[in-house]
Amino acid sequence: MRPSIHDGGSVRRQLWYVRPGYLAVIGGVLAAFMVTAALLESRNTRDTMLELIAEKGRIVANQIEQGAILALRAMKEAEENQASRLLTVARTVARMEEGRELGDSVLAALAAENGIQALHLVSPTGRIQASSRPSEHFLNRTPPDYLMLYPTLFSGERTESILGLHYSAVGGKARFAVGVRRRGGGAVICSIDAKVLLDLRKTFGLGRLIQDVGEVHGMSYVMIQDEEGILTATRSVSGAKRILDDPFLSALWKGGGYATRTLPFQGQDVFEVVKTVSFDGERLGLLRVAFDLHEIRALTRKSRRRLLMTIAVLSLLGMVALNAVVIYQ
């Protein structure tokens, strides 16, 4: 800079001269500051959004866990009620058999009276001696291996056994069965059609709960997974990596608690909240809830556009200011 111009010992006027290079440096520093501030603002906004999604995920995961526990408890109570009813019938048959021989017609009458699908008297060798089912029912079909299904009854270790919900070997129909040991060995087998229980599971069970939650806007998927694989999941999930093959899931399976991460799903990044779920003191599996990041992606695109506009405006203003100074000087 040049301080002044003298004419005859007097100061005529004072001019300030700024080199264009200095202006360019100052403008560059200001532009870099503005760009950095914009990038930091965008990153802080993204982190804040992720924290909000993580908190929302924890709340949703807790709600799903509570709903899952209620659904499982309701199913357990329904199955216990069915088991208690069937055991009562089987005990009655076992006591009646001690006084007289029971034939097919008596068993059929008892089954019809109590709404039983099938009532069998099985010998100690696993052979059906009498049944409520008609004789043609056993044509061209092999009876179940009762020795394998009820080992503790036939060995004498227990007097009662609940086989529970299973599928018949012939036809693959759902059945719910129990067994009571006969006095002379063998067992009284009592079973019902489990369609009611299956309908109850479909209507109020864990799978229905997961499907309903998965339809919420912004949710990518919901699943419960154990070491064997997926227990239940939304329709968008076709498969998942095993827990032991995923270090993130494996660590959470061993340590318990919550964890979050971002991972790709169907070509897009999702934000996943994972929580261990237990029922009656036993670990049920890992609850995985994933949220779509479309809002964050939209925010990122908006921040980039704002950043580009800021750079363009700063560049234009810098060029105008630099040109004006050069013209003035």
Side-chain angles (χ1 to χ4, degrees), residues 50 53-79 163-168 172-176 194-294:
L50 289 177
I53 294 177
E55 181 61 25
K56 177 182 178 181
R58 282 190 286 269
I59 294 175
V60 172
N62 283 332
Q63 291 175 342
I64 294 176
E65 180 185 24
Q66 295 302 318
I69 291 175
L70 290 176
L72 291 172
R73 192 163 291 156
M75 284 302 305
K76 182 179 179 181
E77 183 176 351
E79 292 184 4
L163 181 59
L165 186 63
H166 64 285
Y167 292 89
S168 62
K173 296 182 179 180
R175 297 286 185 262
F176 190 90
K195 185 178 182 301
V196 175
L197 291 175
L198 291 180
D199 291 342
L200 185 63
R201 283 188 177 184
K202 292 178 181 178
T203 306
F204 303 105
L206 186 57
R208 179 58 182 270
L209 172 66
I210 296 299
Q211 295 297 334
D212 290 344
V213 174
E215 294 177 358
V216 175
H217 177 70
M219 198 81 71
S220 294
Y221 61 79
V222 181
M223 74 173 81
I224 295 181
Q225 180 181 0
D226 65 5
E227 289 181 306
E228 300 298 326
I230 297 175
L231 296 178
T232 181
T234 51
R235 298 180 183 89
S236 58
V237 178
S238 58
K241 185 182 294 186
R242 293 175 65 248
I243 290 178
L244 297 180
D245 296 334
D246 190 323
F248 175 84
L249 298 178
S250 180
L252 192 60
W253 179 262
K254 296 176 182 177
Y258 282 98
T260 61
R261 64 174 174 175
T262 302
L263 74 161
F265 176 72
Q266 297 182 350
Q268 298 286 347
D269 284 344
V270 297
F271 187 81
E272 186 181 66
V273 178
V274 186
K275 183 184 187 302
T276 54
V277 179
S278 299
F279 177 66
D280 283 352
E282 296 183 3
R283 184 176 300 172
L284 179 64
L286 293 180
L287 172 61
R288 301 173 59 183
V289 183
F291 295 89
D292 187 1
L293 295 178
H294 67 278

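In this text the structure is predicted, and so the values were computed from the model without any measurement.
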Identified side chain to side chain contact (heavy atoms under 4.5 Å, CB included) partner of Trp253 from the options Asp246, Thr276, Val274, Asp226: Asp226
Gln225 and its side chain to side chain contact (heavy atoms under 4.5 Å, CB included) partner, picked from Leu231, Thr232, Leu249: Leu249
Smallest separation among heavy atoms of Val237 and Ala233, with atom names: CB-CB, 3.9 Å
Interatomic spacing from CZ in Phe271 to CZ in Arg261 - rounded to 0.5 Å: 11.0 Å
Donor-acceptor contact below 3.5 Å, side chain Thr260 vs main chain Val273: no
Ser278 side chain near Leu284 side chain, heavy-atom distance below 4.5 Å: no
Chi angles and distances behind the salt bridge (Lys or Arg N to Asp or Glu O under 4.0 Å) call for Arg58, Glu55: CA-CA 5 Å; Arg58 282 190 286 269; Glu55 181 61 25; 3.1 Å; yes
Glu272 side, atom CD; Ile53 side, atom CD1 - distance, nearest 0.5 Å: 13.5 Å
Rounded distance [0.5 Å steps], CG in Leu72 versus CD in Glu79: 10.0 Å
Rounded distance [0.5 Å steps], CZ in Arg288 versus CG in Leu252: 10.0 Å
Phe176 to Ala194 - nearest heavy-atom pair and separation: N-CB, 4.0 Å
Validation row: Asn62, Tyr258 side chains within 4.5 angstrom (heavy atoms): yes
Point-to-point distance, once rounded to the nearest 0.5 Å, from CD1 of Ile230 to CD1 of Ile243: 10.0 Å
From CG (Leu263) to CG (Asp269), nearest 0.5 Å: 7.5 Å
Ser220 to Phe265 - nearest heavy-atom pair and separation: O-CE2, 4.2 Å
Min side-chain heavy-atom separation Met219-Val60 under 4.5 Å: yes
